*Asks:* 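I have a structure here, written as structure tokens, and I will follow up with some questions on it.
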Amino acid sequence: MRDSDSILSQAEAVLHGNDRGLYTIPAHGLYPHQWLWDSCFIALGWRHLDIERAKIEILSLLRGQWKNGMVPHMVFTSGSAYKRDRNIWRSWVSPFAPEDVTTSGITQPPMLTEAIVQVGEKMDLLDRRSWYRQVFPGLLAFHEWLYTERDPHGEGLTLQIHPWETGLDNTPPWMAELHEHLLPWWIRALQKTGTEKLTGMFRRDTRFVPKAQRFSNVDALALYDTQRRLRRKAYDINRILDHSLFAIEDLTFNSILVRANENFLQIAKSIRADVPPELLKRIELTRASLEDLWDPFTEQYYSRDFTTHRLLKTPSIATLMPLYAGTISKERAALLVKSIENEHIFGPAYPVPSAPLNSAWFDPIRYWQGPTWFNTNWLIADGLRRYGYHDHAEALVEGSLELVRSGKFNEYYNPLSGEPLGAQNFSWTAAIAIDWLKSHKEKDPDAKR
């Protein structure tokens, strides 16, 4: 067993090893670029080690911001070695893409304001306000884009156009929808004949991680096909929606948006910045609209089809994310907590699994269909504290840290056995461990974990 100082030392080594100056890659080999919500979680760790480096991590995300306000989910590393990655996305097909860097054409959960506020908490008041003023124009543009482009009907919930925008890439609700309604004919033909197995020879991800821990070949093909169709539409939301591609009001994304809006308003108030009245109205509407995703029969929250408003009743870890939003009733929060306490749902030996144990989709080693992740545990623990479940939050943090006491900071873990899975030396796992341990020490300098 390793004490907290040893965990901290190893976690810091992971961050420094993945540091590329302007940003921190998630992991060597498999993830050579900058990802939006990765960097937001990574900044939580850097803020304890080097406040200027934490600021750079966030500002580096904003260098990829599009002219229409979107903050893309990836900013690509330059150089000939990654030309193929950049060509897959071809951000330059959109007139809104930046000219000096290449990016993806979609976004990710809006964790940006959370990271900015968390970094700001490590500064004195004058420096914090200066920091907020520096990032406010980009934040304002991003939040306005989220509503003008992704809430076209003014209903309060934003829509997402690719599973990768959820951050939970192959999460069961989206995959179920894809398999049942949107799988292209040519992929179904490959699946029927078994020839989709041949595509495994061309997959880059399985060179670094065992294929059983990644997407299936069919899912990988479907996700790529969806991305390719977005590119063909030049990432123009009007053209995309006209042709009935993926359009889902994702529960995780919108739960994080509720909290992002609260943080955004906190930042604006701190620097006495004006927020457009229309944006204020949409922010208030989002708080209320999250309740439209509640199903009284199963007593869970779900994502929703944008067009039909049909709830996608495939359970996943997303149902717990309204705890992080912090705006649901105490009664509904209590129901969600019961599912975390239940060892047959979200309470295995190493919680919280990305799909409930009683789901037909549950696979303890396959990416976002079962394994335990540090970033979602950070969100859930934060939400538990907001509702007064401090002992639950502490138990979740302790259980998560138990996973890294071996010194292995992996991408995700088997929730039944604790086995490290996915990429090794994963940055947000290390950063979150640093945040939990350092924050605990700051509150109680004499405490030992």
Side-chain angles (χ1 to χ4, degrees), residues 1-21 23-50 53-54 57 111 115 118 167-169 205 207-210 213-214 317 348-354 364-368 370-382 395-441 448-449:
M1 299 289 284
R2 294 169 180 264
D3 60 19
S4 61
D5 289 339
S6 181
I7 295 174
L8 280 170
S9 177
Q10 296 237 357
E12 289 176 21
V14 170
L15 280 195
H16 286 294
N18 289 334
D19 186 4
R20 297 299 181 267
Y23 57 93
T24 310
I25 62 170
H28 178 72
L30 181 56
Y31 300 109
H33 310 294
Q34 182 177 27
W35 272 261
L36 171 53
W37 82 327
D38 286 74
S39 278
C40 291
F41 286 110
I42 289 166
L44 300 181
W46 277 124
R47 74 189 180 116
H48 295 284
L49 309 179
D50 183 339
R53 182 61 188 80
E57 191 74 30
M111 282 292 297
Q118 292 283 343
L168 320 178
D169 298 2
D205 59 338
R207 300 176 198 170
F208 300 95
V209 176
Q213 299 176 21
R214 297 289 294 178
I317 196 172
Y350 299 95
V352 174
S354 43
I365 68 171
R366 191 178 294 280
Y367 213 39
W368 285 103
T372 292
W373 293 71
F374 265 50
N375 69 322
T376 46
N377 278 3
W378 190 94
L379 295 170
I380 293 167
D382 184 273
L396 182 53
V397 170
E398 288 290 348
S400 301
L401 290 173
E402 190 66 29
L403 293 167
V404 298
R405 292 195 188 278
S406 65
K408 294 184 178 180
F409 295 85
N410 278 53
E411 188 177 5
Y412 43 95
Y413 299 83
N414 186 319
L416 305 178
S417 68
E419 176 192 4
L421 304 168
Q424 299 177 8
N425 297 318
F426 200 71
S427 290
W428 80 26
T429 303
I432 290 169
I434 291 169
D435 182 56
W436 278 332
L437 289 168
K438 288 281 190 179
S439 297
H440 183 73
K441 283 191 173 185
K448 293 183 179 180
R449 260 198 153 90

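Everything quoted here is computed from the prediction, not taken from an experiment. Residue numbers run from 1 in the order of the sequence given.
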*Asks:* To the nearest 0.5 Å, what is the distance between NE2 (His48) and CH2 (Trp436)?
*Replies:*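 Atom-to-atom, His48:NE2 and Trp436:CH2 are 12.0 Å apart.
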*Asks:* Closer than 3.5 angstrom, by distance alone: can the side chain of Ser400 be matched with the main-chain N or O of Leu396 as a donor-acceptor pair?
*Replies:*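 Judged by distance alone, yes, a pair lies under 3.5 Å.
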*Asks:* Count the heavy atoms of every other residue, nucleotide or ligand shown that sit under 6.0 Å from CD of Glu12, and state whether that count exceeds 12.
*Replies:*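 Enclosed.
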*Asks:* Tell me, please, which residues at least two apart from His28 pass ring-ring contact (aromatic ring centres under 6.0 Å, His included).
*Replies:*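 With sequence neighbours excluded, His28 shows a ring-ring contact (aromatic ring centres under 6.0 Å, His included) to no residue whatsoever.
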*Asks:* Just wondering, do Ile317 and Trp373 contact through their side chains at under 4.5 Å, heavy atoms?
*Replies:*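 No, too far: nothing below the 4.5 Å cut-off.
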*Asks:* Report the residues that fulfil side chain to side chain contact (heavy atoms under 4.5 Å, CB included) with Ser417, sequence neighbours left out, ordered by chain and then residue number.
*Replies:*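 In terms of side chain to side chain contact (heavy atoms under 4.5 Å, CB included), with neighbours along the sequence ignored, Ser417 is linked to Asn414, Glu419.
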*Asks:* What's the shortest heavy-atom distance between Asn18 and Pro26, and which atoms?
*Replies:*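 Nearest pair, atom of Asn18 first, then Pro26: ND2-O, 3.5 Å.
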*Asks:* Hey, can you tell me if Phe374 and Tyr413 have their rings parallel, tilted or perpendicular (30° and 60° cut-offs)?
*Replies:*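 If you compare the ring of Phe374 with that of Tyr413, the planes turn out tilted.
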*Asks:* Considering non-hydrogen atoms only, spot the tightest contact between Pro348 and Pro353 and give its length.
*Replies:*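 For Pro348 and Pro353, the tightest heavy-atom pair comes out as CD-CD, 3.5 Å.
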*Asks:* Name all residues meeting the ring-ring contact (aromatic ring centres under 6.0 Å, His included) criterion together with Tyr350; count only those two or more places apart in sequence or in a different chain, and write none if there are none.
*Replies:*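 If we apply the ring-ring contact (aromatic ring centres under 6.0 Å, His included) test to Tyr350, skipping adjacent residues, there are no hits.
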*Asks:* Not counting sequence neighbours, which residues clear side chain to side chain donor-acceptor pair (under 3.5 Å) with Gln118? List them please.
*Replies:*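 If we apply the side chain to side chain donor-acceptor pair (under 3.5 Å) test to Gln118, skipping adjacent residues, the hits are Arg47, Glu114.
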*Asks:* Partners of Asp205 by side chain to side chain donor-acceptor pair (under 3.5 Å), sequence neighbours excluded?
*Replies:*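 Only Arg203, Arg214 meet the side chain to side chain donor-acceptor pair (under 3.5 Å) criterion with Asp205.
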*Asks:* Do Asp435 and Trp378 have side-chain N/O donor and acceptor atoms under 3.5 Å apart?
*Replies:*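 A donor-acceptor contact under 3.5 Å links the two side chains.
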*Asks:* Looking at Leu421 and Pro364, what are the two nearest heavy atoms and their distance?
*Replies:*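 So the minimum-distance heavy-atom pair works out to CD1-O, 3.6 Å.
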*Asks:* So how far is it from Tyr31 OH to Phe426 CZ, rounded to the nearest 0.5 Å?
*Replies:*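 Rounded to the nearest 0.5 Å, the OH-CZ separation comes out at 5.5 Å.
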*Asks:* Can you tell me how far apart CZ (Arg405) and CG (Asp3) are? Round to the nearest 0.5 Å.
*Replies:*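 These two atoms lie 8.5 Å from each other.
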*Asks:* Write out all pairs satisfying salt bridge (charged side-chain N to carboxylate O under 4.0 Å, His left out) with one or both partners inside residues 26-45, taking only residues at least two apart or from two chains.
*Replies:*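 Found none.
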*Asks:* List in chain and number order the residues that pass side chain to side chain donor-acceptor pair (under 3.5 Å) with Tyr23, two or more places apart in sequence or in another chain; answer none if no residue qualifies.
*Replies:*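 Expected list: Thr77.
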*Asks:* Atom CG in Leu44, atom CH2 in Trp428: separation rounded to 0.5 Å?
*Replies:*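 The distance works out to 11.5 Å.
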*Asks:* Taking salt bridge (Lys or Arg N to Asp or Glu O under 4.0 Å) as the definition, give me every residue that meets it alongside Asp50, ordered by chain and number, with sequence neighbours left out.
*Replies:*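 By the salt bridge (Lys or Arg N to Asp or Glu O under 4.0 Å) rule, Asp50 matches no residue at all.
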*Asks:* So which atom in Pro32 and which in Trp35 form the shortest heavy-atom distance, rounded to 0.1 Å?
*Replies:*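 In terms of heavy atoms, the two residues are closest at N-CZ3, 4.2 Å.
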*Asks:* Between Gly370 and Pro415, what is the shortest heavy-atom contact and its length?
*Replies:*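 Heavy atoms only, the tightest pair is O-CG, 3.4 Å.
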*Asks:* For Phe409, what residues pass the ring-ring contact (aromatic ring centres under 6.0 Å, His included) criterion, not counting sequence neighbours?
*Replies:*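 Phe409 satisfies ring-ring contact (aromatic ring centres under 6.0 Å, His included) with no other residue.
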*Asks:* Listed by chain and number, what are the salt bridge (Lys or Arg N to Asp or Glu O under 4.0 Å) partners of Glu411, not counting sequence neighbours?
*Replies:*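 Listed in chain order: nothing, the list is empty.
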*Asks:* Checking Leu15 against Ser427 for the side chain to side chain contact (heavy atoms under 4.5 Å, CB included) test, could you report, in this order, the C-alpha distance in whole Å, the side-chain angles of both residues, the deciding distance, and whether it holds?
*Replies:* CA-CA 6 Å; Leu15 280 195; Ser427 290; 4.1 Å; yes
*Asks:* Run the side chain to side chain donor-acceptor pair (under 3.5 Å) test against Asn410 and tell me which residues pass, sequence neighbours left out.
*Replies:*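 Result, side chain to side chain donor-acceptor pair (under 3.5 Å) vs Asn410: none returned.
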*Asks:* Is there a side-chain contact between Met111 and Leu379 (heavy atoms, below 4.5 Å)?
*Replies:*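 The answer is yes, as the side chains (C-beta and beyond) meet within the 4.5 Å cut-off.
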*Asks:* Mind listing the closest non-hydrogen atom pair of Pro351 and Thr372 along with its distance?
*Replies:*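 Heavy atoms of Pro351 and Thr372 come nearest at O-CG2, 3.4 Å.
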*Asks:* Please list, chain by chain and in numerical order, all residues satisfying salt bridge (Lys or Arg N to Asp or Glu O under 4.0 Å) with Arg53, sequence neighbours excluded.
*Replies:*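 Listed in chain order: Asp19, Glu57.
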*Asks:* Kindly compute the distance separating CD1 (Ile432) from CG (Asn377), expressed to the nearest 0.5 Å.
*Replies:*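 If we round to the nearest 0.5 Å, Ile432:CD1 and Asn377:CG are 8.5 Å apart.
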*Asks:* Can you tell me how far apart CG (Leu401) and CD1 (Ile7) are? Round to the nearest 0.5 Å.
*Replies:*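 With rounding to 0.5 Å, CG (Leu401) is 6.0 Å from CD1 (Ile7).
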